[in-house]
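Report on the structure given below.
Order of the sequence lines fixes the chain letters, A, B, ..., with proteins taken first and strands second; residue numbering starts at 1 for each chain.
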There are 2 protein chains.
Amino acid sequence: MNVHLCISLWGNSITMAKLQKSIDKRNALLKATINLVNNDGFHAAPMSKIAKMAGVSPATIYLYFENKQDLVNKAYLEVKSAFTDYAFATYSDEMSVNEGFEVIWRRIADFKLNQCEEALFLAQCDNTPMVDEPSRKEGIKHLQPLLALWERGKKEGVIKPISDYLLYAYAINPLSFLMIMQQRGACAINRSHLDEAYKAAWDSIKM
Amino acid sequence: MNVHLCISLWGNSITMAKLQKSIDKRNALLKATINLVNNDGFHAAPMSKIAKMAGVSPATIYLYFENKQDLVNKAYLEVKSAFTDYAFATYSDEMSVNEGFEVIWRRIADFKLNQCEEALFLAQCDNTPMVDEPSRKEGIKHLQPLLALWERGKKEGVIKPISDYLLYAYAINPLSFLMIMQQRGACAINRSHLDEAYKAAWDSIKM
DNA sequence: TATACATAAATGAACGTTCATTCTTTTTTT
DNA sequence: AAAAAAAGAATGAACGTTCATTTATGTATA
């Protein structure tokens, strides 16, 4: 339970510095979790190690999170949210479907290939029972703008009338695979690769 | 160390039944590992639970595998091998690139969508630090026939001259995503979906 | 302003539990 | 009877979590 934090801090008039310190600590914990889970896996990322990496005592974690599962769930949701915020930042409803898709696709590629840590963590969460089902469902909601764009595309006859899962599998998800390969040093994605990849993505979903 | 098993069993002339029993036990352990890791994740799949599910004592695991890491590595390699054996079973070098790709693709789809347990386990292994790097590298080798087919396709000008990673990302890997979604009950892949998916796969790699 | 009081944040040590692994004994096989 | 395989109980280490205490911060009183 860390509700008391917010309430008391805002209820009374308190210095900004103090609030910042709490946020910093919370962020340090989330960052450490992501880092350790990425390198060692959930099973080899003990609370003691997370605490040490974040520069706090193990006990302090429980001031910010209920337990380890909650810590991982929250890390997942925050990163997922940051990811989609980034993905849709330059998109607007008024764009054509074609243009909108390219804008979103390139932002996603940008995120996956540059913010490796966060993207890798998401890939792990999406492919294992690491985060619980409610959190996973919550995370999916953030993709709404993309689904809406596809809906529009289908109505306009620009995008194949196939299931959203197929569209995602062929147009977006491949980026996850490329990111993982790049992260492992198996391949390096450059500008022209990306253009090829975008063409393949669009080819596979356009009418 | 489980070398003694093989040596003594073949050195002396021993009943087939006995050998079979050992193999059965080993397989039961691998199966249990896959099942538990799929449902609970590596971190919640203790040796005691694996032993119980396989119907043996915890100590017996160590007659067949060095330790937990070895058990998981071996499970990964056996499943990966079964997967690729299945994938390439009906393929022959004499087929055209076009035909060969469809044959392989459909076998992979078949495996991923029907042998869910095994496929899901592979997806977890491929996306987490669950198996060690040597085993992962070993596992990749099994994909050789597919890479050779692509090489041929590029030479003949039938397949886009882009990196193998891009080809895999767009033509094969999407099936993993669909499998996971189907497994989670998010969507059901039917025959016509599959045909769409194949078309998208081929569209994205063909010249 | 100085002092005492109150509250919240943070800690290191300790808890009970569970884990992977080993040891000793029993069972099975030859 | 000897040897191998399997079992169950035991073990130390490591885990997530909690506890008792200290430190830092804010408030009220004089």
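Relative ring orientation between W150(B) and Y168(B) is described as perpendicular, the plane-to-plane angle rising above 60° on a 0-90° scale split at 30° and 60°.
The NZ atom of K52(A) sits 11 Å away from the P atom of dC15(D) (whole-angstrom rounding). As rounded to whole Å, 13 Å separates atom C1' of dC19(C) from atom NZ of K68(A). Across the protein-nucleic acid pair, R26(A) atom CZ and dA9(C) atom C1' stand 16 Å apart, rounded to whole Å. Counting to the nearest Å, the P atom of dG12(C) and the CD1 atom of I61(A) are 13 Å from each other. One atom, CG of L63(A), and another, C1' of dG12(C), lie 14 Å apart when rounded to the nearest Å. Atoms CD (Q69(B)) and C1' (dT21(C)) sit 15 Å apart, rounded to a whole Å. Between H43(B) atom NE2 and dA20(C) atom C1' there is a gap of 17 Å when expressed in whole angstrom units. The distance between atom OH of Y62(B) and atom P of dA6(D), rounded to the nearest whole Å, is 16 Å.
Comparing atom distances between the M47(A) side chain and each of dA6(D), dA20(C), dG16(D) picks out dG16(D) as nearest. Side-chain proximity of A59(A) to the nucleotides dT21(C), dA7(D), dG12(C) is greatest for dG12(C). Side-chain proximity of T60(B) to the nucleotides dT17(D), dA20(C), dA7(D) is greatest for dA7(D).
One finds the CH2 atom of W105(A) at 8.5 Å from the OH atom of Y198(A) (value rounded to the nearest 0.5 Å).
Classification of D195(B) and R191(B) as a salt-bridged pair holds, one side-chain N sitting under 4.0 Å from a carboxylate O. A salt bridge is absent between D132(B) and K137(B); no separation between the charged side-chain nitrogens and carboxylate oxygens falls under 4.0 Å.
Phosphate contact (OP1/OP2 of dA10(C), side-chain N/O of Y64(A), threshold under 4.0 Å): present.
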